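Below is one structure, written out as structure tokens, with a few remarks after it.
In the text below, chain A, chain B and the rest are named by the order of the sequence lines, each starting its count at 1. Remember, predicted model here, so these are calculated numbers, not experimental data.
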2 protein chains.
Amino acid sequence: MQKCIKCNSVDGVIRSGFLRGKQRFFCKLCNFHFILENENARLPQKATQATIVDLAKHLGIAASTVSRALNGKADISPFTRKAVMQAAIDLDYRPNLLAQSLNKGKTNTIGVVIPNVELPFFATALASIQQVAIDTGYRIMVCHSSESEAIEKLNTETLIACRVDGLLVSHSKETTSFEHIQRVLAKSIPIVHFDRVCNEIDTPKVIHEDFKGSFDLVEHLILQGCRKIGVMLGPQKFYISQIRLEGYKAALQKYGIEVDEKYIYYSEMNKNDGTKAFEYFINLPNPPDGLFAMLSRNAIEMMVEAKKRQIKIPEDMAFVGFGDDILCELFEPSLTVFNHFPTKVGEAAINLLIENIKNKNTTSSTIQSVQGELVIRDSSFKGKS
Amino acid sequence: MQKCIKCNSVDGVIRSGFLRGKQRFFCKLCNFHFILENENARLPQKATQATIVDLAKHLGIAASTVSRALNGKADISPFTRKAVMQAAIDLDYRPNLLAQSLNKGKTNTIGVVIPNVELPFFATALASIQQVAIDTGYRIMVCHSSESEAIEKLNTETLIACRVDGLLVSHSKETTSFEHIQRVLAKSIPIVHFDRVCNEIDTPKVIHEDFKGSFDLVEHLILQGCRKIGVMLGPQKFYISQIRLEGYKAALQKYGIEVDEKYIYYSEMNKNDGTKAFEYFINLPNPPDGLFAMLSRNAIEMMVEAKKRQIKIPEDMAFVGFGDDILCELFEPSLTVFNHFPTKVGEAAINLLIENIKNKNTTSSTIQSVQGELVIRDSSFKGKS
DNA sequence: ATGAAAGCGCTAACAT
DNA sequence: ATGTTAGCGCTTTCAT
């Protein structure tokens with residue numbers, strides 16, 4: 001196989017051990033020992049990436065041997081192993097994950113589809129997902145639907161095409177049809193929904209304590225003396241709108257307050273919808289004395305309006321919102337919220353997914369609810385407890 | 001090749017056109033026409049993903065023909081093409097991007113390394129990067145260093161291993177050594193630095209108008225009547241700390257104000273460092289009447305402290321910061337900032353990278369500076385202009 | 001302990 | 001217009 005560098009013949013050449021980590025040859029015909037010092041003179045030709053075959057040629061051994069050495073299999077002589085490792089360093093070898101994945105039939109990669117990284121909830125959840133992934137030896141591939149159903153579907157296709165081992169999905173606010181998710185299911189690709197889940201399909205989900213959170217916030221308002229409580233929700237079709245509304249109603253009911261449809265406002269969750277909602281509420285014949293917004297961002301927009309009109313917070317009007325972030329903390333007055341712990345949600349979701357990947361479990365439809373916490377701040381606290 | 005489903009012989013079978021989009025066969029031996037209706041009875045066995053070979057078998061044609069049809073090459077009969085397309089739908093075929101990439105030697109994927117998605121700048125930049133990527137037919141693979149040098153290096157390795165076509169990098173605040181970047185360069189993988197760039201290595205970069213931004217902010221403070229202006233920077237070793245300090249000094253110089261080292265404060269960019277910085281400044285024998293923070297988040301932390309001490313903003317002390325976000329806008333008083341337009345930075349970075357990928361240009365070291373804008377708000381505006 | 005060969009899914013050059 | 005073949009980089013039998 002190896003040509004003698006002296007007599008150019010092939011027939012008499014045999015390998016004769018290693019020297020300085022390199023394969024040594026002996027030509028029986030011309031009785032000559034040699035090492036292929038300048039074997040890598042071939043490299044500059046393709047200045048790109050050394051492959052396993054490059055290593056093999058470099059050492060004068062078989063590619064399969066290199067592979068085994070690299071992967072720490074037994075049945076490899078310490079000598080060869082050392083030589084391979086050294087060669088890998090010398091040639092700056094990096095395994096080609098594409099090839100590995102293609103061969104193994106798995107990528108060790110998890111696809112994540114989120115609607116908007118600019119929402120603090122998703123940014124934080126994403127950070128925690130990434131952390132768990134690193135710790136457990138997975139990679140993540142993040143796709144961003146920018147709240148567009150079309151892009152979300154495109155993203156899902158891309159991730160399937162990349163043969164991710166599993167999918168973590170939170171839907172865009174536009175999304176109304178779910179064939180793309182059905183397709184994932186049909187292909188037995190493990191999937192976990194989180195936060196913006198889809199209720200029409202039976203998948204594992206990680207959600208918040210939406211009912212309890214709403215209930216706690218509204219009960220808190222009532223305990224602070226509010227009796228006319230307005231609620232600002234997302235789109236009516238949203239599951240979380242519905243369930244958070246139920247929490248709201250349950251709290252009113254507990255304290256014998258009648259539900260007034262005029263105090264229920266649905267929005268499209270666009271920027272500044274809080275402003276519009278506030279306009280609506282303040283122009284009611286009998287304006288609320290407490291306002292609960294499904295998104296804390298909206299609660300803050302409402303407070304901005306209230307302050308413009310010199311309304312005293314929380315005395316004249318108290319505010320609470322769902323979900324915490326730094327703005328809620330630093331805005332004045334600081335906003336009372338139900339913190340739904342984005343970090344815990346992200347962690348729960350990826351852990352559940354990894355578990356399902358490992359067990360090849362694509363049928364489970366566990367629903368995990370992450371415990372939240374009422375954080376009372378200045379926007380609602382009137383000294384009563 | 002195809003066994004006759006009647007006489008089980010292979011020799012006499014020839015293809016005889018298509019029927020309902022399916023390959024039709026004719027067995028010369030038993031004089032029998034047939035279609036492989038139940039060919040896909042094989043599918044459930046591997047309920048996973050149809051491959052190009054599955055399609056080929058299904059239609060009784062060659063895999064390469066399927067490939068060509070799928071890729072819209074010329075030289076394919078409309079008939080075959082239609083049949084292939086239909087089969088692709090029937091079997092829910094999705095190309096395996098791993099295989100495609102391995103074969104083509106490129107992935108159409110761009111790797112993005114950012115230190116922290118939870119910072120609004122990176123969240124917004126990331127969203128714009130993703131958008132451009134989608135529009136230009138690239139995918140992105142996002143990695144998150146969580147401000148850790150070790151994870152950043154790991155991420156870089158991962159992305160190289162995934163054979164991304166190019167890299168978009170913003171360093172963690174910890175990062176001090178850059179061999180991982182050198183390695184990228186050595187492998188001729190196109191790379192573009194943005195925001196947190198590395199000056200020790202000659203790479204293309206997209207940066208802000210750091211000098212001009214600082215200059216404008218400080219000049220604005222001076223024009224509002226401030227004479228004792230404190231500056232809070234990041235780590236001294238950071239390039240942006242240095243350059244923003246220069247802008248600060250230049251503005252003072254222009255108005256004949258002497259630079260006082262006591263008014264310069266370096267921080268490690270941790271949470272609440274603004275609080276510490278404020279403590280420092282307020283305890284100086286001669287406290288500043290204007291404060292400039294390199295990160296607007298820090299400016300806000302300082303204002304929180306100032307308000308606690310009943311300091312009048314902007315009359316007694318004015319505040320400005322670098323970088324805009326919703327908190328700057330909604331905090332009271334709203335913060336005067338130099339907006340460095342994260343969206344534009346992200347777009348510029350990915351466009352530059354894609355250009356270099358297409359031109360196989362790995363040596364260019366263009367430096368693009370994205371134009372920013374002074375946004376004057378309540379934290380500093382005293383009515384003068 | 002190591003090599004040879006097949007195969008993961010796809011594309012492209014080369015037939016025909 | 002379509003089939004055959006080789007090869008992308010890697011792992012994994014199966015030999016030896």
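Under 3.5 Å, the side chains of Ser148(A) and Ser145(A) contain no donor-acceptor pair of N or O atoms. Judged by distance alone, the side chains of Gln100(A) and Asn96(A) never bring a donor and an acceptor atom under 3.5 Å apart. Ser177(A) and Lys153(A) are linked by a side-chain donor-acceptor pair at a separation below 3.5 angstrom, with hydrogens and angles left out of the test.
Take the nearest nucleotide of DNA chain D for Leu102(B) and for Pro78(B): the residue whose nucleotide is more 5' is Pro78(B). In terms of position along DNA chain C, the nucleotide closest to Gln100(B) lies nearer the 5' end than the nucleotide closest to the other residue of the pair Arg68(B) and Gln100(B).
For Pro95(A), whose side chain is taken as the heavy atoms from C-beta onward, the closest listed nucleotide among dC10(D), dC8(D), dT2(C) is dC10(D). Of the listed nucleotides (dC10(D), dT11(C), dG9(C)), dT11(C) has the atom at the smallest distance from the side chain of Asn71(B). In the set dG3(C), dT2(C), dG9(D), the nucleotide with an atom closest to the side chain of Ile76(A) is dT2(C). For Ser77(B), the side-chain atoms get nearest to dT2(D) when compared with the rest of dG3(D), dG9(C), dT2(D). Relative to the side chain of Ile52(A), the nucleotides dT2(C), dT11(D), dG3(C) differ in distance, and dT11(D) lies closest. Residue Thr51(B) has its side chain nearest to dG9(C) when only dT2(C), dG9(C), dA4(C) are considered. Nearest nucleotide to the side chain of Asp75(A), out of dT2(C), dT11(D), dG9(C): dT2(C).
Ring geometry, His171(A) versus His180(A): the interplanar angle exceeds 60°, so the pair is classed perpendicular (tilted spans 30 to 60°).
Between the side chain of Arg139(B) and the backbone N or O of Leu159(A) there is no donor-acceptor pair closer than 3.5 Å.
Rounded to an integer number of Å, the gap from NZ of Lys104(B) to C1' of dG9(C) is 13 Å. The CG-C1' distance, from Leu91(B) to dG9(C), rounds to 15 Å in whole Å. Rounded to whole Å, atom P of dT2(C) lies 20 Å from atom NZ of Lys57(A).
Regarding contacts with the backbone of dC10(D), every side-chain N or O of Ser64(A) stays at 4.0 angstrom or more from both OP1 and OP2. For Lys73(B) and dA12(C), the shortest distance from a side-chain N or O to OP1 or OP2 is below 4.0 Å. Taking side-chain N and O atoms only, Ser67(B) has a distance below 4.0 Å to OP1 or OP2 of dT11(C). OP1 or OP2 of dC8(D) has not a single side-chain nitrogen or oxygen of Ser101(B) nearer than 4.0 Å.
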